[in-house]
K.L.:
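Take this structure, written in structure tokens, and hold onto it; I'll ask about it next.
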Amino acid sequence: MCGIVGYVGRRDACPILVKGLHRLEYRGYDSAGIALVNATGTLHVFKCKGKVSDLEHFLEGKDLGGTIGIAHTRWATHGVPNDANAHPHYSESESIALIHNGIIENYLELKEHLMRQGVRFTSDTDTEVVAQLLEFHYNECHNMLEAVGRCLRRIEGSYAFGIICADYPNALIAARKDSPLIIGCGENENFIASDVTAVISHTRDVIYMEDGEIAVLTAEGVNL
Ligand code: GLU
């Protein structure tokens with residue numbers, strides 16, 4: 001099991017996400033990471049093998065601004081536990097970041113297809129394929145929600161996803177199938193998480209996402 005936390009709101013996302021990761025440590029994991037879109041619309045990913053406390057050391061001195069972000073603790077299924085295989089995963093242009101809990105069963109055929117199109121991969125995970133496929137479809141249709149829909153129709157397996165994109169600095173996208181994901185609804189802020197322990201100190205207003213649902217979270221609300 002891994003852990004997922006996401007935040008969009010008016011507060012600094014980083015400390016909220018790190019605290020959420022600590023709350024999910026009991027689930028077990030081998031690496032941890034975080035992605036943030038800062039006030040100038042730049043997407044940053046920070047990740048490393050090891051504990052959440054190792055990630056905290058790694059974050060020291062970095063540009064951690066941003067009121068939207070996603071964070072992950074990984075339990076490796078595809079690719080050894082190392083820095084490159086830790087989540088979040090970037091798309092090739094580094095404008096999309098994605099976290100995933102679950103297994104993409106048809107990742108190899110999708111990866112081969114994308115590599116034939118010239119896409120370069122930086123990890124051995126099944127998850128990176130989804131980040132790259134998402135960008136592939138985004139480049140086709142220029143609409144992130146439509147691209148997520150196209151992507152989900154092509155992948156087989158289990159997933160809880162959290163997605164942020166530099167082009168949509170106010171929106172966090174979530175989707176799930178056969179892996180748990182909840183939405184925490186706050187005042188001018190909203191959360192996603194693998195379970196309620198990660199958000200309970202912020203809100204008790206929780207939505208349990210259904211299989212096949214896609215949600216768009218902004219500071220102001222949640223669209224399912
Ligand atoms: N299958 C993905 C990986 O190996 C996600 C594992 C997880 O659920 O933490 O990176």
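Here the structure is a predicted model, which means the values were calculated and not measured. Start at 1 and go down the list; that is how both ligands and their atoms are numbered.
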K.L.:
Heavy-atom distances under 4.0 Å decide this one: backbone, side chain, both or neither, for N101 against ligand 1?
P.N.:
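For N101, the contact with ligand 1 is made by both the backbone and the side chain.
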K.L.:
Check whether N190 reaches the backbone of T218 with its side chain - one donor and one acceptor, N or O, closer than 3.5 Å.
P.N.:
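Answer holds: yes.
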K.L.:
Between CD of E189 and CD of E187, what distance do you get to the nearest 0.5 Å?
P.N.:
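Result: 8.5 Å between the selected atoms.
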K.L.:
Below 3.5 angstrom, do we get any N/O pair linking H87 and ligand 1?
P.N.:
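Yes, there is a polar N/O contact under 3.5 Å.
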K.L.:
If you measure every N/O of T73 against every N/O of ligand 1, is any gap under 3.5 Å?
P.N.:
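For ligand 1, there is no N or O atom that lies under 3.5 Å from one belonging to T73.
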K.L.:
Enumerate the atoms of ligand 1 whose separation from the nearest heavy atom of H78 is less than 4.0 angstrom.
P.N.:
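Atoms satisfying the 4.0 Å criterion: 4 (O).
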K.L.:
Verify, without hydrogens or angle tests, whether N85 (side chain) and V80 (backbone) share a donor-acceptor contact under 3.5 angstrom.
P.N.:
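Between the backbone of V80 and the side chain of N85 there is a qualifying donor-acceptor contact (under 3.5 Å).
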K.L.:
Which bit of T77 is near ligand 1, meaning a heavy atom under 4.0 Å away: side chain, backbone, both or neither?
P.N.:
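It is both backbone and side chain that touch ligand 1.
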K.L.:
Which label fits H113 and F136: parallel for a plane angle under 30°, tilted from 30 to 60°, or perpendicular past 60°?
P.N.:
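Rings of H113 and F136: perpendicular, over 60°.
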K.L.:
Taking a cutoff of less than 4.0 Å between a non-hydrogen atom of the residue and any ligand atom, is G102 in contact with ligand 1?
P.N.:
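Yes; G102 lies near enough to ligand 1 that a heavy-atom distance drops under 4.0 Å.
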K.L.:
What class does the angle between the rings of F161 and H100 fall in, given that below 30° is parallel, 30 to 60° is tilted and above 60° is perpendicular?
P.N.:
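Rings of F161 and H100: tilted, 30 to 60°.
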K.L.:
Side chains of R153 and H137: donor-acceptor distance under 3.5 Å anywhere?
P.N.:
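H137 and R153 do not have a side-chain donor-acceptor pair below 3.5 Å.
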K.L.:
Which ligand 1 atoms are under 4.0 Å away from a heavy-atom of C2?
P.N.:
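Listed by number with element, the hits are 7 (C), 8 (O), 9 (O).
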